[in-house]
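Numbered from 1 within each chain, the chains take letters A, B, ... in sequence-line order.
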Protein chains: 2
Amino acid sequence: MPELPEIAVLARDMDRDLARREIAAVEVLQPKCLNVPPAEFESRLKGASITRVHAHGKWLKLETSRTWLFINLGMGGEVLLVDRTRLPEHWRLAFDLSDGACLVVNFWWFGYVHVSPDPADHPMVGRLGPHAIDVTLPQFEALLRGRRGSIKAFLLDQGNIAGIGNVYVQDPLFMARLHPLRGIATLSSEEIAALWHALRTTLQQSIDLGGAAFEVNLHGEHGRWGREHFLVAYREGKPCPVCATPLEKIRTGSTAGYICPACQRLPA
Amino acid sequence: MPELPEIAVLARDMDRDLARREIAAVEVLQPKCLNVPPAEFESRLKGASITRVHAHGKWLKLETSRTWLFINLGMGGEVLLVDRTRLPEHWRLAFDLSDGACLVVNFWWFGYVHVSPDPADHPMVGRLGPHAIDVTLPQFEALLRGRRGSIKAFLLDQGNIAGIGNVYVQDPLFMARLHPLRGIATLSSEEIAALWHALRTTLQQSIDLGGAAFEVNLHGEHGRWGREHFLVAYREGKPCPVCATPLEKIRTGSTAGYICPACQRLPA
DNA sequence: CGGTTCAACAACGA
DNA sequence: CTCGTTGTTGAACC
């Protein structure tokens, strides 16, 4: 579930708190999440020092003195900076830092912790679209021009634009008064602009509040972007904040969509 | 039907005949083939002068003083340079040049005429694999290594290698003695080399003959690569040119395949 | 007739 | 929709 805001907050804090610290040891409980054998993973990272930490969509990209390290938390999980003596109960992988702290990674189901010499060469990171919140309006319009299919499916495809998941897609579509299944080809420039503004607003608001309340940051603290900020997401049955029509939960492809049936109409 | 050879011939002639000529006006009969509203399309191109014309796979790329213009003729069509007073009967879009000539685009079903600031930003052109006839043997081998699925599906995917369609894929597979459904992973280096040679030979022969006989060039003249050059393509029931076994038409995914069942065997 | 492209969906696997 | 890959179908409409 961590999407762009949570990853952005994590990356910012990791960049500030981890820069120039050295990885003294690596312990892997779940080798399946790696892209190389555990022994090679360890040898590539042991002794490396963390240079910078970046966010790209839902991915964390750690630049080290020896290699790039990419982390994707999959359907949900945490990256925590703890004391070596206070490891959390569940974890998949831990990096001991030379000063006694420990960077612990956990996730519920599948997640990735990959090493790579270069982001462009990585089969997943290399194919990401631009980091959603960095996209300019002209860029956004160019990305959409000539595409077919629904606007929601487009936004969720990380190859088009990176960082938006099913949580953060709902309210921007409502703010732009767009039904999730609206065909991209039918969008006017005004609608595209409204959607772009709404996406930025929503993502930035969550970043400013430290991310979603149901996720935790590097120090285990919950974000402050809670359900009270949601306009339509996960509010089926409640009144639309604009017109009071009861909100609906619909199926949009294989995912759930939350809409106001009056404000977000699908042209016949 | 225009595939790499026809597009290469068109691009060469357009580059020679259109360079430095100015687009004075644009007329659009079918707005659906555009990626921007017609008014914007016109304003982006009116007054632009054509700088260079390139071929990339099945796409024509026109570099102008103001924007890029990408043309894909889909399942068949023409780009003709005519006198303004002699417009053909069917056309989708016409560019009036300032000297009185007219560049007319037509296609049977679906085609694209798109503007874009940069080929890399265009959702289709930006994802094309390398122009098929420019691919070297080592490159070809590298493209195939590690891929799964059938060799025919790979060759037809414009993201892997650009320019090969269902017409030009048939004879090279026969020449390399490969069944269209052969798994890529089972191909030997010798088979890959034979396929690469056969592809180049077939594409280059057609280019040298001005493209397929059922297509026309910029001046409405038919190519000279006709059915008499086909080895197995569209020749079901006729004897194999190598072993005289009757050729077969088979289904390969959603497309038709033409094979010699004796020369192109599928290993059990 | 065919031939094109992308999108949607399923199934599977990590 | 955590992410890929593969294959299939369907839809674009003179």
Taking only the P atom of each, what is the distance from D/dC13 to D/dT9 in whole angstrom?
22 Å
Between the protein and nucleotides 5-7 of chain D, list the N/O to N/O atom pairs that are separated by less than 3.5 angstrom.
{"from": "D/dT5", "atom 1": "OP1", "to": "A/R127", "atom 2": "NH1", "distance (Å)": "2.8"}
{"from": "D/dT5", "atom 1": "OP2", "to": "A/R127", "atom 2": "NH1", "distance (Å)": "3.3"}
{"from": "D/dT6", "atom 1": "OP1", "to": "B/R148", "atom 2": "N", "distance (Å)": "2.9"}
{"from": "D/dT6", "atom 1": "OP1", "to": "B/R148", "atom 2": "O", "distance (Å)": "3.2"}

Measure up the A/H122 and A/F70 rings against each other and bin them: parallel (under 30°), tilted (30 to 60°), perpendicular (over 60°).
perpendicular
Aromatic rings A/H131 and A/H56: how do their planes relate, parallel, tilted or perpendicular, breaks at 30° and 60°?
perpendicular
For D/dC1 and C/dA8, measure between their C1' atoms and round to the nearest Å.
14 Å
For B/V167, is there any backbone N or O sitting under 3.5 Å from a side-chain donor or acceptor partner on B/E3?
yes
B/R251 or A/D157, whichever maps to the more 5' nucleotide of DNA chain D:
A/D157
Can any side-chain N or O of B/Q170 pair as donor or acceptor with the backbone N or O of B/A256 at less than 3.5 Å?
yes
Please answer whether the main-chain N or O of A/F154 pairs with a side-chain N or O of A/N160 as donor and acceptor at a distance below 3.5 Å.
yes
Atom-pair distance (CD1 on A/I164; P on D/dC1), nearest Å:
15 Å
Parallel, tilted or perpendicular: ring planes of B/F95 versus B/F41, cut at 30 and 60 degrees
tilted
note: A/R92, atom CZ; D/dT2, atom P; distance rounded to Å ~ 15 Å
Distance between the P atoms of D/dG7 and C/dG2, in whole angstroms?
22 Å
Round to a whole Å and report the spacing from CZ of B/F214 to P of C/dC1.
17 Å
Answer yes or no: is there a donor N or O on one side and an acceptor on the other, between the side chain of B/D121 and the main chain of A/L143, under 3.5 Å?
no
Think B/K58 has a side-chain N or O under 4.0 angstrom from the OP1 or OP2 of C/dT4?
yes
Ignoring backbone atoms, establish whether A/N72 has a side-chain N or O less than 4.0 Å from OP1 or OP2 of D/dT2.
no
Starting from the C-alpha separation in whole Å, work towards a yes-or-no answer on side chain to side chain contact (heavy atoms under 4.5 Å, CB included) for A/K152 and A/T255.
CA-CA 10 Å; A/K152 181 178 174 185; A/T255 62; 2.9 Å; yes
Paired runs of 3 or more consecutive Watson-Crick or G-U pairs involving DNA chain C, with both pairing distances under 3.5 Å, are C:4-14 with D:2-12
At a cut-off of 3.5 Å, list every protein nitrogen or oxygen paired with a nitrogen or oxygen from nucleotides 10-14 of chain C, distance to 0.1 Å.
none

Figure out the CZ/C1' separation between B/F230 and C/dG3, and round it to whole Å.
13 Å
Output yes when a side-chain donor or acceptor of B/Q158 lies under 3.5 Å from a complementary backbone atom of B/G163, and no otherwise.
yes
With a 6.0 Å cut-off on ring centres, are A/F214 and A/H222 close enough?
no
Between C/dG3 (C1') and B/L156 (CG): distance, integer Å
11 Å
Euclidean distance, atom CD of residue A/E215 to atom P of D/dT2 [Å, nearest integer]:
12 Å
Report the residue (B/T252 or A/G74) whose heavy-atom-nearest nucleotide on DNA chain D is the more 5′ of the two.
A/G74
To the nearest angstrom, the CZ-P distance between B/R227 and C/dC1 comes to 16 Å
Using a 4.0 Å heavy-atom cut-off, does B/G165 contact any base of the nucleic acid, only the sugar-phosphate backbone, or nothing at all?
sugar-phosphate
Are any non-hydrogen side-chain atoms of A/R235 and A/K249 less than 4.5 angstrom apart?
no
Expressed in whole Å, how much space separates the C1' atoms belonging to D/dT6 and C/dG3?
23 Å
Out of D/dC14, C/dG2, C/dT4, which has the shortest distance to the side chain of B/Q30?
D/dC14
Considering only D/dC14, D/dC3, C/dT5, which nucleotide approaches the side chain of A/M124 most closely?
D/dC3
To the nearest angstrom, the OH-C1' distance between B/Y168 and C/dT4 comes to 15 Å
State whether the side chain of A/R127 and the backbone N or O of A/G129 hold a donor-acceptor pair below 3.5 Å, judged by distance alone.
no
Look at the aromatic rings of A/W225 and A/F230 and report parallel, tilted or perpendicular, splitting at 30° and 60°.
tilted
